[in-house]
Amino acid sequence: MPFNTELTRRLGITVPIVQGGMQHVGYAELASAVSNAGGLGILTALIFPDPEGLRQEIRRCRTMTKKPFGVNITLLPALVPPNYDAYAQVVIDEGVKIVETAGNSPGPVISKLKKAGCIVLHKCTTIRHAQSAIKLGVDFLSIDGFECAGHVGESDITNFILLSKARQTLKVPFIASGGFADGQGLAAALCLGAAGVNMGTRFLCTVESPIHIKIKEAIVNAEETDTALVLRRWRNTTRLYRNKVTEQALKVEQESKTGEFSEIAPYVSGKRGREVFINGDPEYGVWTAGQVIGLIHDIPNCKDLITRIEKEAEATLTEKTGLFTIAAPSAKL
């Protein structure tokens, strides 16, 4: 049963699954594998220290897939912000037509991308932020529930409520993000009104994911309780894999008398997090993972994973729609 949703039609994909942009992970190997399997692969712009690095990766990805793929541009607070405009210009110059945006004050970047004819998928954690994004002209909203990895927002609203609220209130098609790993989840998202799903942690644990096998094995062995929320004190709440460094960071956050970010900064270093994916030591630094780690039990290649999800979703939708039957009218006596 081929899927036919707003997401598959507009993006030119066959399965309504988007690989979310992930720092240290969204390279051409993973993005092309997802796209070749029928989903939408995403390169992560800020993996590359300058826009030219992104340009070369886009060109490399094009040698690995002829299918549509996108680029993630996430705008986050920084002492010296990246040149987001320059990254967006590279996307435009290279003819990439699908962009996932996220983060703070994305208006100028979204405006630039829309003027160039790009399809913009914007990630948000509240309906209020989604409504603001609609005013900016985004094409799809990626509704990110509290279960997700990384930046969860400050509202703590799970996807079951967020998706139903999105269905009730939003006039723009939306994607379900956070907590998805299988076909049953995809079927549920579609029934709740989503046009597809966005998966990050599930794609982190695939053959093509460019991280150490021991980190993939740590995900397989983890439970849904093995994450922690850090940086709430600074209203930058982030869901991380629970390890020794995460626990140390939490201790500093809870016990700091000054509330100075400099006290916790060494524990939440992105550089150490990147090293985790290279050296394979899950305890070396902090790294993001969603509660969905409790639903991940293997390390498939992207093709097998997406094919499996597609079949599971089809079987689930077929089975559940069969539960509803209309009784024949009773014969008159």
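On a predicted model such as this, the values are computed, not experimentally measured, just so you know.
In this structure D156 satisfies the salt bridge (charged side-chain N to carboxylate O under 4.0 Å, His left out) test together with R232, sequence neighbours excluded. Under the rule for a salt bridge (charged side-chain N to carboxylate O under 4.0 Å, His left out), the partners of R10 that lie at least two apart in sequence or sit in another chain are E6, D139. With sequence neighbours excluded, the residues forming a salt bridge (charged side-chain N to carboxylate O under 4.0 Å, His left out) with E57 are R60, listed by chain and number. Annotation: side-chain contact (heavy atoms from CB on, under 4.5 Å) contacts of E319 (sequence neighbours excluded): none. Residues satisfying the side-chain contact (heavy atoms from CB on, under 4.5 Å) criterion with P68, sequence neighbours excluded, are L40, I98. Contacts of R274 classified as salt bridge (charged side-chain N to carboxylate O under 4.0 Å, His left out), with partners at least two apart in sequence or in another chain: none.
Applying the ring pair (Phe, Tyr, Trp, His ring centres under 6.0 Å) test to pairs two or more places apart or on separate chains, those with a residue in residues 231-259 are W234-F261, Y241-W287. Annotation: ring pair (Phe, Tyr, Trp, His ring centres under 6.0 Å) contacts involving residues 89-144, sequence neighbours excluded, are absent. Among residues at least two apart or in separate chains, ring pair (Phe, Tyr, Trp, His ring centres under 6.0 Å) pairs with a member in residues 10-29 are Y27-F48. Residue pairs meeting the ring pair (Phe, Tyr, Trp, His ring centres under 6.0 Å) criterion with at least one member in residues 290-315: none, sequence neighbours excluded.
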Task: Verdict with supporting geometry, R55 and E52, salt bridge (charged side-chain N to carboxylate O under 4.0 Å, His left out) - done: CA-CA 5 Å; R55 186 188 307 278; E52 286 306 306; 3.1 Å; yes
Please tabulate, for the side chains in residues 220-230, all donor-acceptor contacts under 3.5 angstrom to protein atoms that are two or more places apart in sequence or on a different chain.
residue : atom : partner : partner atom : Å
N221    : ND2  : E217    : O            : 3.1
D226    : OD2  : E223    : N            : 2.8
T227    : OG1  : R239    : NH1          : 3.0

Which atom pairs, one a donor and one an acceptor, fall under 3.5 Å between side chains of residues 177-198 and the rest of the protein, sequence neighbours left out?
residue : atom : partner : partner atom : Å
S177    : OG   : D144    : OD1          : 2.7
D182    : OD1  : Q184    : N            : 3.4
D182    : OD1  : G185    : N            : 2.9
N198    : ND2  : E100    : OE2          : 3.0

